[in-house]
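Values below: all heavy atoms of this structure, side chains included; hydrogens, waters and symmetry mates excluded. Treat the numbers as computed from the prediction; the structure is a model and nothing was measured. Chain letters run A, B, ... following the sequence lines, proteins first and then strands; every chain starts at 1.
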Amino acid sequence: MRASQFLIATLKESPSDAVVTSHQLMLRAGMIRKLASGLYTWLPLGLRTLRKVEAIIREEMDAANAMEVLMPMVQPSELWEETGRWFQYGGELMRIKDRHNRDFCIGPTAEEVITDLARNELSSYKQLPKNFYQIQTKFRDETRPRFGIMRAREFLMKDAYSFHADQECLNQTYERMHQAYTNIFTRLGLDFRPVDADTGSIGGAKSHEFHVLASSGEDDIAFSDSSDYAANVELAEALAPNFECPAASAELTTLDTPDQHSIEEVSQFLNVDPAQIIKTLIVEGELSEADQKKGIKAPLVALVLRGDHELNELKAEKLDGIASPLAFASEAQILDQLGCKPGSIGPKDLNIEVIVDRSAAVVADFVCGANEDGKHLSGANWQRDITYSRVADIRNVVEGDASPDGQGTLNIKRGIEVGHIFQLGDKYSQALKASVLDENGKARIMQMGCYGIGVSRVVAASIEQNFDERGIIWPKALAPFQISIVQIDAHKSAEVIERSEALYQALRDLNVEVFLDDRDKKTSPGVKFADTELMGFPHRIVMSSRGLKNGIVEYKGRTDEKNDAIELPGDDILDFIKQKLAL
RNA sequence: CGGGGCGUAGCGCAGUUUGGUAGCGCACUUGCCUGGGGGGCAAGGGGUCGCAGGUUCAAAUCCUGCCGCUCCGACCA
């Protein structure tokens, strides 16, 4: 491609609404332009990279025996009503009506459509397993689109769905997909981790998320420093401390703590380490539907944590007796049932169930709320002063915790979720009655797996991991062009033109994606260098009259400090470049 | 959803407090110069100041409503 014919849409300054690196650089390099909130046009440069990601995914999916299909983006409401999701989904589901006033949605995912296909096309266990995938635009009307391509409303996703006669078969495909994903993200040149993940509302079986490690990520990933254990912090188990609760050594005392509510305030006011303070959160208990209908109010439950720990809502709501989704008690409820305001609550003598976190259960001589406004207790101890009904794991793991697999300690880093695989079981196949006949001629509901990759998000995630102050640094696999040839002084040196055109043609003949910067003399060398670096091409050749006079052509890799000289006429330029490009 | 900020040329911004001819930098066009790290000089083109209504002799500026964009938050215990 010639620069003179390409859309070079680089910007010196980045638009003020871009806050993360990938968003800024994608705009500045001229890869994308915003159309509206969460909606982006891919410009020629960006699209080249997007297509590369697609190609790698296709190769690995095909190699794993998945078949590509393409389903409509617009989906009829009937299917969504069959699975119940038409009613469950919130505002994220973009609902539209056609001219006949029939309901449709713009697909945020395609379980309904693929399962409908499967129930119509698959009839025998002999046809299984089958794994279908597509690379298709998805739409989720996010409450808060942000970070550019990273959390856009319209995005490109590879989604795959597998169908099986039994769990064993599903397990095999699941493992095969896990391997395919590992291959894909490795080929994409990303620093990633497969992590144990929450199966969410789908429940049950296995699930792994693939995260690219980057400080701008939206999820916290906990991983062991000495094994391959990795899990979303939401899910990582906080092991029970390996020691018993120390014996009490302090007197129980009531202290005045006027207007000191948060752990931080109490800690400073009393000069006590937050780890010696116990905090008590009040949430709503579980209520049967029958009781709910009778208008019975939900009981309250106290969750007790060490002051320096955070509640893990996911863990808490999974406990028996606690409302799911988790609901914090209102100030009015607390005042009404416990007789004091939040901020002064403690576990002592509460007439409700008290569930204590494993770590909080081994703290002695602690400070906690006194259940009286403006007062806290110090020197409090379990058993002697306060009782509880249950000990459970209800906190988020923190850096330095023991790894749940018993090997090493945990590190925590931010991750960008780029892939997610999970076993759906029969949730959708059951709802849509997708069955095949088994060996005995009996109808059997198929087991399903589903496997997604955020194709457009991968592009942004790669940039988050690979950039410097000059711009993007593409790994070979994603670079829109492998090499640029920068012409300098072309207007007054026929040799520069001759040589660079010859090299351009030679590289094209080798199927190298080469970018010839033949922009006219109004475009200064500095501009050409800056654009090449901003757009992140891995290799650069400079062809100038000065260089040619001295018998050299210059080469520089995107991350190299200095230019390399290719001596003329001795060196063969093409050989040199082929070696650099690893051809 | 809750709270904050911002809408002025393609991009980045000033001007709004205190109403009085709409500006700057980058980008763009033309000419000359320059010619190895985002050039110089000169001359230009480009704006319903987000939209609607109101106050006023006069509104980018003051008032009201709406729309859009954006950031933060959604555990005081």
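Counting heavy atoms from C-beta on, the side chains of A:H539 and A:I577 never come closer than 4.5 Å.
The separation of B:rG46 from B:rA9, taken at their P atoms, amounts to 15 Å, rounded to a whole angstrom. Taking atom C1' in both B:rG53 and B:rG45, one finds a spacing of 34 Å when rounded to whole Å. As rounded to the nearest Å, B:rU18 and B:rC63 have P atoms that lie 10 Å from one another. Across B:rC32 and B:rU48, the matching C1' atoms stand 38 Å from one another, rounded to whole Å.
Atom-to-atom distance recorded for A:L270:CG and A:D256:CG is 10.5 Å, nearest 0.5 angstrom.
A:R28 places its CZ atom 13 Å from the P atom of B:rG12, with the value rounded to the nearest Å. Between A:M26 atom CE and B:rC11 atom P the separation is 19 Å, expressed in whole Å.
The listed nucleotides are B:rA77, B:rG39, B:rG35; the one nearest the side chain of A:V527 is B:rG39.
Here A:W474 and A:F481 keep their ring centres 6.0 angstrom or further from each other.
Heavy atoms of A:I334 sit under 4.0 angstrom from at least one base atom. Counting any heavy atom pair closer than 4.0 Å across all strands shown, A:G547 reaches a base atom.
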Side-chain donor/acceptor pairs under 3.5 Å, residues 147-155 of chain A, sequence neighbours excluded:
| from | atom 1 | to | atom 2 | distance (Å) |
| --- | --- | --- | --- | --- |
| A:R151 | NE | A:E218 | OE1 | 3.4 |
| A:R151 | NE | A:E218 | OE2 | 3.0 |
| A:R151 | NH1 | A:E142 | OE1 | 3.3 |
| A:R151 | NH1 | A:E142 | OE2 | 3.3 |
| A:R151 | NH2 | A:E218 | OE2 | 3.2 |
| A:R153 | NE | A:S37 | O | 2.9 |
| A:R153 | NH1 | A:D141 | OD1 | 3.0 |
| A:R153 | NH2 | A:S37 | O | 2.8 |

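Shown for residues 34-42 of chain A: residues whose heavy atoms fall under 4.0 angstrom of RNA chain B, namely A:K34, A:S37.
We find that A:R390 and A:D320 are not joined by a salt bridge, their nearest charged nitrogen and carboxylate oxygen being 4.0 Å or further apart.
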